[in-house]
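Please read these numbers as outputs of a predicted model, since none were measured by experiment. Excluded from the calculations below are hydrogen atoms, water molecules and symmetry mates; all remaining heavy atoms, backbone and side chain alike, are included.
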Amino acid sequence: MADKQEIIEGLTQHLVHSHSPYSGVQVVAAVVYDINGIERTAYGVNVENVSYGLTVCAERSAISTAVTDGMQSIKALYVMSNQADPISPCGACRQVVTEFMQDPSAPVLCVNKTLSKNWKSTLGDLLPNRFDLD
Ligand code: THU
């Protein structure tokens with residue numbers, strides 16, 4: 001699995017690119033996936049809009065980047081924000097994540113910016129009994 005320390009550094013580096021002038025809540029996500037056996041990480045930040053409902057969450061930003069790179073399956077998801085406590089993915093993002101995270105035991109790690117707090121979960125815990133056409 002990708003080096004956790006490296007991913008945390010990547011999250012910190014990208015968090016400042018969050019476009020969040022309306023809420024002030026900066027969020028960055030990283031998705032870990034592999035292409036032809038080589039592990040890769042894509043980052044995404046929340047992108048707010050003056051028409052608030054058009055805001056794109058960090059998780060969905062990261063997923064769009066990864067899909068553009070050819071990602072088909074997410075192995076791990078990381079979320080960092082500038083809030084005192086780690087934030088966990090919103091309901092809409094949980095549904096979008098499940099499109100690409102097939103393993104219910106796949107790890108989800110949420111941390112705050114100072115890394116003083118973290119919250120570990122799994123896809124299965126975040127979205128049990130998910131909607132599926134199978
Ligand atoms: N946000 C995310 O980026 N991901 C989530 O899972 C929850 C919320 C963003 C959206 C908005 O820009 C800000 O956090 C406050 O809701």
Side-chain angles (χ1 to χ4, degrees):
M1 186 65 85
D3 182 57
K4 186 175 150 193
Q5 196 48 43
E6 244 174 59
I7 293 175
I8 300 281
E9 278 165 26
L11 289 170
T12 304
Q13 198 183 322
H14 289 90
L15 182 64
V16 295
H17 297 150
S18 156
H19 179 71
S20 43
Y22 306 106
S23 73
V25 179
Q26 296 180 313
V27 190
V28 59
V31 292
V32 179
Y33 56 101
D34 71 42
I35 303 230
N36 300 327
I38 298 174
E39 205 162 68
R40 299 159 85 114
T41 305
Y43 296 91
V45 294
N46 55 332
V47 182
E48 296 187 347
N49 190 273
V50 64
S51 176
Y52 302 157
L54 299 180
T55 292
V56 180
C57 288
E59 295 88 330
R60 280 178 278 158
S61 266
I63 287 171
S64 297
T65 302
V67 170
T68 305
D69 193 36
M71 178 275 285
Q72 292 185 326
S73 179
I74 298 173
K75 294 164 75 173
L77 171 68
Y78 290 74
V79 182
M80 174 187 276
S81 85
N82 66 348
Q83 301 300 287
D85 291 318
I87 63 158
S88 77
C90 76
C93 286
R94 292 176 193 205
Q95 178 61 33
V96 173
V97 169
T98 64
E99 183 82 10
F100 300 99
M101 230 185 192
Q102 290 83 11
D103 178 1
S105 66
V108 177
L109 179 65
C110 304
V111 297
N112 63 356
K113 186 178 162 180
T114 59
L115 306 176
S116 61
K117 291 187 182 174
N118 69 69
W119 181 68
K120 271 187 199 154
S121 189
T122 61
L123 175 68
D125 280 344
L126 288 179
L127 195 63
N129 194 23
R130 65 186 185 182
F131 169 64
D132 203 324
L133 289 178
D134 295 336

Atom pair [atom1] ([X]) and [atom2] ([Y]), whose distance is rounded to the nearest 0.5 Å:
X: D132; Y: E99; atom1: CG; atom2: CD; value: 9.0 Å
X: Q72; Y: I35; atom1: CD; atom2: CD1; value: 7.5 Å
X: T98; Y: L127; atom1: OG1; atom2: CG; value: 5.5 Å
X: N46; Y: Q26; atom1: CG; atom2: CD; value: 8.0 Å
X: D3; Y: E9; atom1: CG; atom2: CD; value: 8.0 Å
X: C110; Y: N118; atom1: SG; atom2: CG; value: 9.0 Å

Are [X] and [Y] grouped together when hydrophobic residues (ILVMFWY) are joined by side-chain heavy atoms under 4.5 angstrom apart?
X: I8; Y: V45; result: yes
X: Y78; Y: V28; result: yes
X: L115; Y: L109; result: yes
X: V96; Y: I87; result: yes
X: W119; Y: V32; result: no

- prompt: Can you name the residues that form a ring pair (Phe, Tyr, Trp, His ring centres under 6.0 Å) with Y43, not counting sequence neighbours?
  reply: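 Here the qualifying residues are H14.
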query: Which residues satisfy the side chain to side chain contact (heavy atoms under 4.5 Å, CB included) test with A66, sequence neighbours excluded?
result: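 A66 satisfies side chain to side chain contact (heavy atoms under 4.5 Å, CB included) with V31, Y33, A42, M71 once adjacent residues are dropped.
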Nearest heavy atoms of [X] and [Y], plus distance in Å:
X: P89; Y: R94; result: O-NE, 2.6 Å
X: E59; Y: V79; result: OE2-CG2, 3.9 Å
X: G44; Y: A58; result: O-CB, 3.5 Å
X: S121; Y: D125; result: OG-CB, 3.5 Å
X: R60; Y: A92; result: NH2-CB, 3.9 Å
X: P107; Y: M101; result: O-CE, 3.6 Å

query: Quick one: hydrophobic cluster around L133, which other residues, with the 4.5 Å side-chain cut-off, linked directly or via members?
result: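 ILVMFWY cluster around L133 also holds F131.
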- request: Linking directly or through intermediates, with side-chain heavy atoms under 4.5 Å: list the remaining ILVMFWY members grouped with Y22, chain and number order.
  value: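 Answer for Y22: V50, Y52.
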Residue that, paired with F100, satisfies side-chain contact (heavy atoms from CB on, under 4.5 Å) out of L123, I63, L77: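 Single pass found, and it is I63.
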- request: Name all residues meeting the side-chain hydrogen bond (donor to acceptor under 3.5 Å, both in side chains) criterion together with K117; count only those two or more places apart in sequence or in a different chain, and write none if there are none.
  value: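 Checked K117 against side-chain hydrogen bond (donor to acceptor under 3.5 Å, both in side chains); matches are D85.
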- request: List in chain and number order the residues that pass side-chain hydrogen bond (donor to acceptor under 3.5 Å, both in side chains) with T55, two or more places apart in sequence or in another chain; answer none if no residue qualifies.
  value: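 In terms of side-chain hydrogen bond (donor to acceptor under 3.5 Å, both in side chains), with neighbours along the sequence ignored, T55 is linked to no residue.
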From CA spacing to verdict: side chain to side chain contact (heavy atoms under 4.5 Å, CB included), C57, C90: CA-CA 8 Å; C57 288; C90 76; 3.9 Å; yes
- prompt: Side chains of P86 and V111: closer than 4.5 Å at any heavy-atom pair?
  reply: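 Sidechains of V111 and P86: no contact.
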field: Option from S23, S20, S18 for which side chain to side chain donor-acceptor pair (under 3.5 Å) with E48 holds
entry: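 That would be S23; it is the only one of S23, S20, S18 passing the side chain to side chain donor-acceptor pair (under 3.5 Å) with E48.
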